[in-house]
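These numbers come from the heavy atoms of this one structure, side chains and all, not from hydrogens, waters or symmetry mates. Given the structure is predicted, the values throughout are model-derived calculations rather than measurements.
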Amino acid sequence: QVQLVESGGGLVQAGGSLRLSCAASGRAYRTYAMAWFRQAPGKERTFVSSITSNGDSTYYADSVKGRFTISRDKAQNTAYLQMNSLTPEDTAVYYCAAGVTLARYDFWGQGTQVTVSS
């Protein structure tokens, strides 16, 4: 079992930056791929970014490529999402997820709100 707790969301102006954190508990954390998803009001949850268990490979949605960076600190059992050049279209609840593979996520955090004002 893995428990995930997100933090770092908030209100920021367009063009600004935020760094989201996802603190994981459970010894199996290091064996899981990690990902970030987001859900805007009235829309479905969508993929944002993912990182393999060893941190060697990362993946991004086209909409965030070049602006967002995913990383993980195994010593701290934490995954991060650095978000730069934010736009109002990035406004959403951001969820952290963990899974045995990049294709399936079995554990989810409670979400953190990111609001970008124009």
Shared hydrophobic cluster, [X] / [Y] (ILVMFWY, side-chain heavy atoms < 4.5 Å):
X: Val12; Y: Val93; value: no
X: Val48; Y: Val5; value: no
X: Tyr94; Y: Leu102; value: no

Do [X] and [Y] have side chains that approach each other closer than 4.5 Å (heavy atoms only, starting at C-beta)?
X: Gln13; Y: Val116; answer: no
X: Ser49; Y: Tyr60; answer: yes
X: Arg67; Y: Asp90; answer: yes
X: Thr112; Y: Leu20; answer: yes
X: Tyr32; Y: Thr101; answer: no
X: Met83; Y: Val114; answer: yes
X: Glu6; Y: Ser21; answer: no
X: Leu4; Y: Met34; answer: yes

*In chain order, what residues pass the ring-ring contact (aromatic ring centres under 6.0 Å, His included) check against Tyr105, with sequence neighbours excluded?*
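Only Phe37 meet the ring-ring contact (aromatic ring centres under 6.0 Å, His included) criterion with Tyr105.
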Inter-residue atom distance [X].[atom1] - [Y].[atom2], 0.5 Å rounding:
X: Ser63; Y: Glu89; atom1: OG; atom2: CD; result: 10.0 Å
X: Ile51; Y: Ser57; atom1: CD1; atom2: OG; result: 8.5 Å
X: Leu11; Y: Leu18; atom1: CG; atom2: CG; result: 9.0 Å
X: Trp108; Y: Cys22; atom1: CH2; atom2: SG; result: 11.0 Å

Are more than 12 heavy atoms, taken from residues, nucleotides or ligands other than Gln1, located less than 6.0 Å from that residue's CD atom?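 Result for CD/Gln1: open.
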* To do: Tell me, please, whether Tyr95 has Arg38 positioned over its six-membered ring: NZ or CZ under 6.0 Å from the ring centre and within 45 degrees of its axis?
  =>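 No, Arg38 and Tyr95 do not form such a contact.
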With distance as the sole criterion, is a donor-acceptor pair present between the side chains of [X] and [Y] under 3.5 Å?
X: Gln113; Y: Thr115; answer: yes
X: Ser17; Y: Asn84; answer: yes
X: Ser25; Y: Gln3; answer: yes

TODO: Hydrophobic side-chain clustering at under 4.5 Å (ILVMFWY, transitive links): who's grouped with Tyr80? Put none if nobody.
DONE: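 Direct or chained contacts put Tyr80 with none.
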Can you list everything that forms a salt bridge (Lys or Arg N to Asp or Glu O under 4.0 Å) with Asp62? Sequence neighbours excluded, please.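 Checked Asp62 against salt bridge (Lys or Arg N to Asp or Glu O under 4.0 Å); matches are Lys65.
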Please give me the minimum heavy-atom distance between Thr52 and Tyr59, naming the atom from each residue.
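That would be CG2-CE1, 4.4 Å.
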Looking only at heavy atoms, which two atoms of Pro88 and Ser117 are closest? And how far apart?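 Between these two residues, the closest heavy atoms are CG-C, 4.4 Å.
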